[in-house]
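So the structure is just underneath, and the comments pick up after that.
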Number of protein chains: 2
Amino acid sequence: MGDKFEKVKTFYFSLWPSLNEDNWSAFEKRLIVKKYEKGNYILRPGEVCNCISFINYGLVRSYYLVDGREITTNFFVEDSVFSNYQSFLSRTPSLLYTDVLEDTEVIDVDYDSLQYAYENIPDSERVGRLVAEQLYILLSARNASLLMETPEQRYIKVLQEKPDLIRRVPQYMVASYLGVTPEALSRIRSRISKRNAELLPDTSSR
Amino acid sequence: MGDKFEKVKTFYFSLWPSLNEDNWSAFEKRLIVKKYEKGNYILRPGEVCNCISFINYGLVRSYYLVDGREITTNFFVEDSVFSNYQSFLSRTPSLLYTDVLEDTEVIDVDYDSLQYAYENIPDSERVGRLVAEQLYILLSARNASLLMETPEQRYIKVLQEKPDLIRRVPQYMVASYLGVTPEALSRIRSRISKRNAELLPDTSSR
DNA sequence: GTTATTTATTGATTCAAATCAATGGATTGT
DNA sequence: ACAATCCATTGATTTGAATCAATAAATAAC
């Protein structure tokens with residue numbers, strides 16, 4: 001049977017290739033495997049996020065709830081890291097929900113374990129910094145996208161960069177990720193396919 | 001005359017009180033003092049941001065330019081740190097302008113110096129991590145505000161939390177920071193003062 | 001396989017904010 | 001002090017997206 005820590009180890013080593021094997025072993029001892037079933041919540045507003053999770057398999061989502069309206073901030077799929085990092089770092093209550101869209105297995109490192117690692121395991125400070133930096137870059141790109149691009153541009157980008165996500169996630173959630181209503185996304189889609197139909201030669205009559 | 005590194009030293013020590021004096025001295029040697037005059041640009045789109053700057057005094061702003069329209073992402077005042085951190089970290093071209101709103105003096109640490117510090121100065125990894133984490137928390141809060149709050153709510157918050165900023169920055173820049181046109185901010189302001197007038201007892205006739 | 005429920009599409013209407021336009025105030029430069 | 005430029009306010013109009021509403025399609029439950 002497969003080692004559950006294999007993928008998370010690969011992930012951390014990709015961040016810093018010269019990471020020492022012994023230090024990794026010390027760190028790995030503190031990791032926790034968790035499973036979640038579709039439809040459940042990993043985190044709710046008011047709770048303090050207590051871990052950083054690497055996803056072995058599955059799909060989760062983070063969203064705000066404003067006036068009964070969901071605003072999706074992110075989808076997280078297998079082989080990526082997720083957390084309510086803001087809550088985790090600041091030790092303050094989350095504003096986000098995190099819900100489980102597909103049965104999911106994660107490898108968690110909790111806050112105390114991470115602080116322990118920072119104090120006692122050489123290299124861990126660097127990995128911690130690199131993770132923080134990577135998460136910053138991701139958030140920043142998302143932010144730029146929300147400020148500079150139209151919902152339609154964002155949708156096309158998701159189509160190109162994460163085509164699997166479109167298939168795995170209901171459209172109304174994608175809409176809330178793009179910052180529009182489900183109706184608006186439906187109209188964006190029909191606009192795009194109409195445009196594509198006009199550009200293509202007519203295949204039906206010949 | 002005052003030590004120009006005094007404030008930046010205080011800042012870093014506030015992040016990590018047990019920072020070692022010798023290590024600080026080693027780090028301080030690589031810092032650079034720079035001055036900018038109002039109206040100039042520190043960074044333009046296409047350039048790679050090469051430093052993290054602590055502001056001794058002054059005021060700068062970062063903004064996107066989309067279809068000839070400015071979208072202000074942040075104002076930075078004295079005693080805070082600024083950078084196009086996304087560009088700095090990823091070594092990719094900036095999408096942002098950074099312009100100088102008041103004569104400004106900064107203490108810069110450039111990219112190579114920082115990498116040198118990470119390799120050679122103990123403690124610096126931790127400070128680097130803490131800076132990354134702080135910047136993440138700030139960006140995350142800004143993000144949440146843009147997604148969850150109305151422009152009016154954001155304006156009231158700026159009024160309360162950074163009243164000096166309102167005085168130092170032209171209103172159309174504040175508008176672009178709130179995500180509305182100058183006309184819309186003007187109307188928000190008149191709406192607020194009208195509400196306040198109704199709540200207050202009539203002071204004119206008695 | 002049928003029913004029930006959820007999700008997606010399409011159209012009509014409403015609404016909030018952007019745009020356009022004009023004026024008045026404030027700031028800057030000489 | 002004056003002109004010139006920039007900035008803020010206010011009103012009228014336009015516009016794009018949200019809302020409301022109804023139907024169709026897809027998915028899940030039995």
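The chains referred to below are lettered A, B, ... by the order of the sequence lines, with proteins before strands, and numbering in each begins at 1.
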#### Entry: The single option from B:Val106, B:Leu114, B:Asp112, B:Asp108 passing side chain to side chain contact (heavy atoms under 4.5 Å, CB included) against B:Cys51
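The option that passes is B:Asp108.
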
### Task
Could you point out which residue of B:Leu43, B:Ile52, B:Val48 forms a side chain to side chain contact (heavy atoms under 4.5 Å, CB included) with B:Phe88?
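The passing option is B:Ile52.
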
How many Å lie between [atom1] on [X] and [atom2] on [N], as a whole number?
X: A:Arg187; N: C:dT10; atom1: CZ; atom2: C1'; answer: 6 Å
X: A:Glu183; N: C:dA12; atom1: CD; atom2: P; answer: 15 Å
X: A:Met173; N: C:dT6; atom1: CE; atom2: C1'; answer: 12 Å
X: B:Arg69; N: C:dA18; atom1: CZ; atom2: P; answer: 9 Å

### Query
Going by an N to O cut-off under 4.0 Å, is there a salt bridge joining B:Lys4 and B:Glu105?
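Yes, this pair counts.
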
### Query
Distance only, no hydrogens: is a donor on one side chain within 3.5 Å (strictly under) of an acceptor on the other, for A:Arg154 and A:Tyr177?
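No, no side-chain donor-acceptor contact under 3.5 Å.
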
### Task
Please list, in 5' to 3' order, the outermost nucleotides of DNA chain D lying under 4.0 Å from any heavy atom of chain A.
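Both ends considered, the range comes out as D:dA18 to D:dC20.
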
#### Entry: Minimum side-chain heavy-atom gap B:Val109-B:Phe54 below 4.5 Å
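The answer is no, as the side chains (C-beta and beyond) never meet within the 4.5 Å cut-off.
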
### Query
Are A:Met173 and A:Leu101 close enough that some pair of their side-chain heavy atoms sits under 4.5 Å apart?
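Yes; the side chains approach each other to less than 4.5 Å.
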
### Query
Okay, side chain of A:Thr98, backbone of A:Ile42: is any donor-acceptor separation there less than 3.5 Å?
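Side chain of A:Thr98 to backbone of A:Ile42: no pair is present.
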
### Query
What does B:Arg189 touch in the nucleic acid at a heavy-atom separation under 4.0 angstrom: a base, only the sugar-phosphate, or nothing?
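Sugar-phosphate, backbone atoms only, no base.
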
### Query
Where the side chain of A:Tyr172 is concerned, which of C:dT9, C:dA18, C:dA8 is the nearest nucleotide?
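Of C:dT9, C:dA18, C:dA8, C:dA8 is nearest to the side chain of A:Tyr172.
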
### Task
Give me the ring orientation class for A:Phe27 and A:Trp24: parallel if the planes are under 30° apart, tilted from 30 to 60°, perpendicular past 60°.
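A:Phe27 vs A:Trp24 ring planes: tilted.
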
For nucleotides 25-30 of chain C, print each protein N/O atom paired with a nucleotide N/O atom at under 3.5 Å, atom names and distance only.
none

